[in-house]
Amino acid sequence: MTDDELIWRIAGGSGDGIASTSQNFAKALMRAGLHVFTHRHYPSRIRGGHTYTEVRVSSEPVKSRGDGYNFLLALGDSFARNPQENAYYGNEEVKPLSENLDELDEGGVIVYDSGLLDTDDIPNFDERVEENGWHVYDIDLRTMAREHGREVMRNTAGVAVTCAIAGIEPDVIKSLMEDSMPEKVFEPNMSVFDDAYETVLEEFDADAPDVSVPEGEHEEEQVLISGSDAIAYGALDEGCRFIAGYPMTPWTEVFTIMSQNLPEVGGISEQVEDEIAAAALAVGASHAGVKAMSGSSGGGFALMSEPLGLAEMTETPVVLVEAMRAGPSTGMPTKPEQADLEHVLYTSQGDSHRVVFAPSGAEEAYKQTRRAFQIAYEYQIPSIVLYDQKNGGEMRNVPASVFDEEPNPDLGSVISEAELADAPHDPSGKYNRFQHDVEDGVSPRSLPGQEGGRYLATGNEHMPAGHIAEDPDNRVNQVNRRMQKMEAIRADLDGDEETNTHYGPEEAEYGIMTFGSQQGTAEEAVDRLNDDGHSVKMLGVSELAPYPVEEVTEFIRSVDEVLVVEMNASAQFRGLTQKELGRFGEKLSSLLKYNGNPFEPAEIVDGFVTSIVEDGSLPGHETKFVPAASD
Amino acid sequence: MSAFSAIGENAERDRNEYTPGLEPQPTWCPGCGDFGVLKALKGAAAELGLSPEEMLVCTGIGCSGKLNSYFESYGFHTIHGRSLPVARAAKLANPGLTVVAAGGDGDGYGIGGNHFTHTARENHDMTYIVFNNEIFGLTKGQTSPTSPKGHKSKTQPHGSAKDPIRPLSLSLTAGASYIARTAAVNPNQAKDIIVEAIEHDGFSHVDFLTQCPTWNKDAKQYVPYIDINDSEDYEFDNTDRSEASEMMHETENVLHEGTVLTGRYYVDEDRPSYQQEKQRIGEIPEEPLAERYFDDDYEWERVYDTFLDKHK
Ligand SMILES: Cc1ncc(C[n+]2csc(CCOP(=O)(O)OP(=O)(O)O)c2C)c(N)n1
Ligand code: SF4
């Protein structure tokens, strides 16, 4: 964290409005010209339980949550008051304070609601405050909120206190509240705001902490967008008008956004009985000539293995989204992990293929979701967008112009009725929809209802018109053609400039490789390492299948050693890299974290220094991140 | 112009149009009841004047799943138990299509039971034909969900301890709005029922009794059938839920004792189909979604103009 940054953590109970309050706070600061980045931490409970959101604010672009934080706003855990002493969840009430102290920077600020929290319940609180030079503001936010309106308005009081301490112009927040609240609610919120703001100025003196919000200015209009928003918007702009799904955290976010938006653009959303059905519906809709998607998280995606294979065999385009969370089985529902990589790459029987993109953040998520549709529909193959609980939920400012793109209703390799008249047909009268010898392996498909286009789509091996067959020559031809498509896609994607991300100096001694949600954090780590006199560059891979063999080979060849950073315990991404490259095993070491929290930049910096620079052991080893007590 | 010119042609049709020219010939065993379904479907499609290209026949896996290999329409031979989700999405995507799904009793009432229940509940506008031969045919004669209690097979050597599923009652409870049972040995009734089922606006479930002479020699499928709609012994109002339910109960009790009753068990013309309900609440477009991709005049909404304001 640099000095001129605010990393604001608002903590409370699930259901306390932490998410919406932090989102408004972030949006207000974005409007004021700053760069913002939010990070969510929440338990798998609906009401109660400790949750927080961090908003990192800077005048420079921000790529990760940063390390630690410097401003804590602890609201009461009002929904989780535990009637039983010493019950399993312990004393919930003080968690917004007690759970968050370990990562608070020296000299940081603590604001807590003294109407709900009692520091006597926290062991050694005063000593710790003293030791760390924390500035403590105990304000009865609850009573204040009750006096002006309702207890929930203590969130507003907390934001007002933040403004007073960090020197944020109140109008920035107020105007946003005015936009987003009905008048009846807005007025009392304003009274709460003013009261809290004044209280800080009057009752707490000049010993003001060194925590403030910098000035900033954007060159162009920004929007506050999450990864899930960006995936949904990419799909919509690419002409996706059909989604089928079944809720599962964290995939539910994309599903929800699509379900809310599709009717507005004349599309269809279906919540169905299970994930097998969900993916099968997407296949059915696509077969009939609509751009369609489905998705899930690990456990639900496991059920999609069958329809995924069906889509591959029948060459039905479809886009599936996989939002990873910690597994196996239901694992940790609200915690991020990158351990479904192999599941997504290899699930489904036989020589089956799919295209996999792993966008790192919102901007890439938008672009790569669009690319996933283009590839799926052009090459008649399933494409998967793989992301995780971290980048799905984190919000950041992105230039609005990123979304200023033309929609694309093109269905890809579909044959027209006019072309069908001259196209090859089987003696049975069916259209040879699965021809053997076609360029790039892509045989144009007809759509049900087109004159002259009848064929049988089947998950069994089939002849050109779709008739089921076990003829050996046909089998070899069909397998080869389906595989040939993957090579064509590889060549197509190699031509894309923006898929994978190179970061840092072109010439460097060492490399860091990562994929998906950890990329931004790794970029920050690379900057710091180079500032500290090391020589490091990064490759963020977001095209996982077909794997960009040449690009990665060149990267690894250009450095002495590479640290592969990923959020899982079995080094799946490193394994994939070695499998695809068939060499370089001796150059790759792993830095792995799998405690339910994403990497912070300092952890990558430390991991790099200890395992690459200082470590005398053979390359190829694994460094497993040892979590701090509260991490 | 529409990309789907074959839809809604309604020309005079000959049942030979639904027969493949040269290949493939059905690989069903001689005497298999599946031939009866194929014949009935062809007759029905011809009678309805449907063009082969406006029909989409989705099947599951099993001997039954091969139906669309021998029927000249568009076809989607899906995976075991999954014909319904594929079929109903195709219908939502392009309501102009006449969508028929088919599968076996293992396929439809076993592995696909969940989809069956939910498709019926939602009352999708489509027809579902279940080839009920009370056995797993293609995997060589294992006990199926409709096999009678005590049925012996290689995987149930001591005889099944389970009561068979009651497909008609299940369907009624789940919400199908047209429910009938017919049989391969009753070709005229079978054709008429499929015609009605396709014309019905909502989910039509046809439990189609098909004999499997290869694996299910004991099944009571060769006995004469009684048509409940013709017989004076079985007077009931098939638009009345509870009377329908009672009739189904009776049939399902006696099926394995040698009395086979067929006919229309339940017909609800009033219940709106799922498509109509979705349209009513504004969750489905007026014109077929699939057509839009070919409409050069259609203005595609952009996220930038439509949704971005709330993020600013
Ligand atoms: C997921 C899956 N499980 C099992 C099978 C094997 N299988 C193929 S057909 C079949 C049973 C078919 O029985 P039924 O649905 O009654 O149809 P029939 O063959 O009698 O027409 C089974 C179990 C499969 N193809 N897929
Ligand atoms: S095994 Fe039975 S169901 Fe299958 S084709 Fe032969 S007779 Fe028909």
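Keep in mind it's a predicted model, so treat the numbers as computed, not measured. Naming: A, B, ... by sequence-line order, numbering from 1 per chain.
- Of all non-hydrogen atoms in A:Glu270 and B:His124, the two that sit nearest each other are OE1-CE1, 4.3 Å.
- In this structure, the portion of A:Ile468 lying under 4.5 Å from any heavy atom of chain B is its side chain and not its backbone.
- Chosen from B:His80, B:Arg88, B:Glu283, the residue pairing most often with chain A at heavy-atom distances under 4.5 Å is B:Arg88.
- With contacts defined as side-chain heavy-atom distances shorter than 4.5 Å, the pair A:Val223/B:Tyr304 does not qualify.
- A salt bridge is absent between B:Arg302 and A:Glu405: the closest approach of a Lys/Arg side-chain nitrogen to an acidic carboxylate oxygen does not fall below 4.0 angstrom.
- Minimum interatomic distance between A:Ile268 and B:Pro285 (heavy atoms only, all atoms of both residues): CG1-CD, 3.9 Å.
- Residue contact with chain A, scored on non-hydrogen atoms closer than 4.5 Å, involves the side chain of B:Lys278 exclusively.
- The minimum heavy-atom distance between A:Met30 and B:Lys312, with the atom names listed, is CE-C, 4.0 Å.
- Listed options A:Val283, A:Val414, A:Val398, A:Asp274 were ranked by heavy-atom pairs under 4.5 angstrom with chain B; first place goes to A:Asp274.
- Summarising the geometry, atom OG belonging to A:Ser226 is positioned 7.5 Å from atom NE2 belonging to B:His311; distances are rounded to the nearest 0.5 Å.
- With a 6.0 Å radius and a threshold of 12 heavy atoms from other residues, nucleotides or ligands, A:Tyr246 has its OH atom at or below the threshold.
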Applying side chain to side chain contact (heavy atoms under 4.5 Å, CB included) to A:Gln450 and B:Tyr74, what does each step give before you reach the verdict? CA-CA 9 Å; A:Gln450 283 184 317; B:Tyr74 277 93; 3.5 Å; yes
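- When each of A:Lys430, A:Met463, A:Arg31 is checked for heavy-atom pairs under 4.5 Å with chain B, A:Lys430 comes out on top.
- Heavy-atom pairs under 4.5 Å with chain B peak, among A:Asp404, A:Val272, A:Leu224, A:Thr458, at A:Asp404.
- A donor-acceptor contact shorter than 3.5 Å is absent between the side chain of B:Tyr293 and the backbone of A:Val290.
- Residues B:Ser69 and A:Leu456 come closest through the heavy atom pair OG-CD2, 3.6 Å.
- Of the two parts of A:Glu273, the backbone and the side chain both hold a non-hydrogen atom closer than 4.5 Å to a non-hydrogen atom of chain B.
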Residues B:Phe76, A:Leu310; criterion side chain to side chain contact (heavy atoms under 4.5 Å, CB included); working and verdict: CA-CA 10 Å; B:Phe76 203 144; A:Leu310 179 69; 4.0 Å; yes
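- The two residues B:Gly282 and A:Pro263 have their closest heavy-atom pair at O-CB, 3.7 Å.
- Only the side chain of B:Tyr298 comes within contact range of chain A, judged by heavy atoms closer than 4.5 Å.
- Counting non-hydrogen atoms of neighbouring residues, nucleotides and ligands closer than 6.0 angstrom, the CD atom of A:Glu220 exceeds 12 such neighbours.
- Ranking A:Val265, A:Leu176, A:Asp229, A:Asp410 against chain B, the residue ahead of the rest is A:Val265, based on heavy-atom pairs under 4.5 Å.
- Annotation: the span from B:Asn94 atom CG to A:Leu447 atom CG amounts to 8.5 Å, rounded to 0.5 Å.
- Listed options B:Ile284, B:Asn114, B:Asp309 were ranked by heavy-atom pairs under 4.5 angstrom with chain A; first place goes to B:Asn114.
- Among the candidates B:Pro288, B:Gly112, B:Ala93, the residue making the largest number of heavy-atom pairs closer than 4.5 Å to chain A is B:Ala93.
- Contacts of A:Asn408 with chain B are absent, with no heavy-atom separation under 4.5 Å from either backbone or side chain.
- Using modelled atom types, no side-chain atom of A:Glu306 and backbone atom of B:Ile79 make a donor-acceptor pair closer than 3.5 Å.
- In this structure, chain B has heavy atoms under 4.5 Å from both the backbone and the side chain of A:Arg241.
- Only the side chain of B:Arg292 comes within less than 4.5 Å of a heavy atom of chain A; its backbone N, CA, C and O stay farther away.
- When each of A:Gly267, A:Ala277, A:Gly309, A:Ala292 is checked for heavy-atom pairs under 4.5 Å with chain B, A:Ala277 comes out on top.
- Of the atoms belonging to A:Ser416, not a single heavy atom falls under 4.5 Å from chain B.
- Residue B:Ser73 touches chain A through its backbone alone, counting heavy-atom pairs closer than 4.5 Å.
- A donor-acceptor pair is defined here as one N or O able to donate and one able to accept, closer than 3.5 Å; no such pair exists between the side chain of A:Glu451 and the backbone of B:Glu53.
- Going from atom CG of A:Asp179 over to atom NZ of B:Lys310 covers 15.0 Å, rounded to the nearest 0.5 Å.
- How far CG of B:Leu289 is from CZ of A:Phe242: 8.5 Å, rounded to the nearest 0.5 Å.
- Proximity to chain A is limited to the side chain of B:Leu97, based on heavy atoms less than 4.5 angstrom apart.
- For B:Leu84, no part lies under 4.5 angstrom from a heavy atom of chain A.
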Which is it for A:His287 and B:Leu56 under the side chain to side chain contact (heavy atoms under 4.5 Å, CB included) test, yes or no, and what are the steps along the way? CA-CA 10 Å; A:His287 178 75; B:Leu56 176 65; 3.7 Å; yes
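- When heavy atoms are compared at a cutoff of 4.5 Å, B:Glu287 does not approach chain A at all.
- When heavy atoms are compared at a cutoff of 4.5 Å, B:Tyr70 does not approach chain A at all.
- Side-chain contact between B:Phe294 and A:Leu411 is present, with heavy atoms from C-beta onward closer than 4.5 Å.
- Of the listed residues A:Pro448, A:Gly459, A:Gly266, A:Ala280, the one with more heavy-atom pairs under 4.5 angstrom with chain B than any other is A:Pro448.
- In this structure a side-chain-to-backbone donor-acceptor pair under 3.5 Å is missing from A:Tyr233 to B:Leu308.
- Counting heavy atoms from C-beta outward, A:Glu417 and B:Ser5 have side chains that approach closer than 4.5 Å.
- With a threshold of 4.5 angstrom between heavy atoms, A:Ser259 does not approach chain B through any atom at all.
- Chosen from B:Val86, B:Thr27, B:Asp305, the residue pairing most often with chain A at heavy-atom distances under 4.5 Å is B:Val86.
- Here the CD1 atom belonging to A:Ile276 is positioned 5.0 Å from the NE2 atom belonging to B:His115, to the nearest 0.5 angstrom.
- Residue B:Ala290 comes nearest to A:Ala288 through the heavy atom pair CB-O, 3.5 Å, listed as atom of the first residue, atom of the second, then distance.
- B:Thr306 and A:Glu264 share no donor-acceptor pair across their side chains, judged by distance under 3.5 Å alone.
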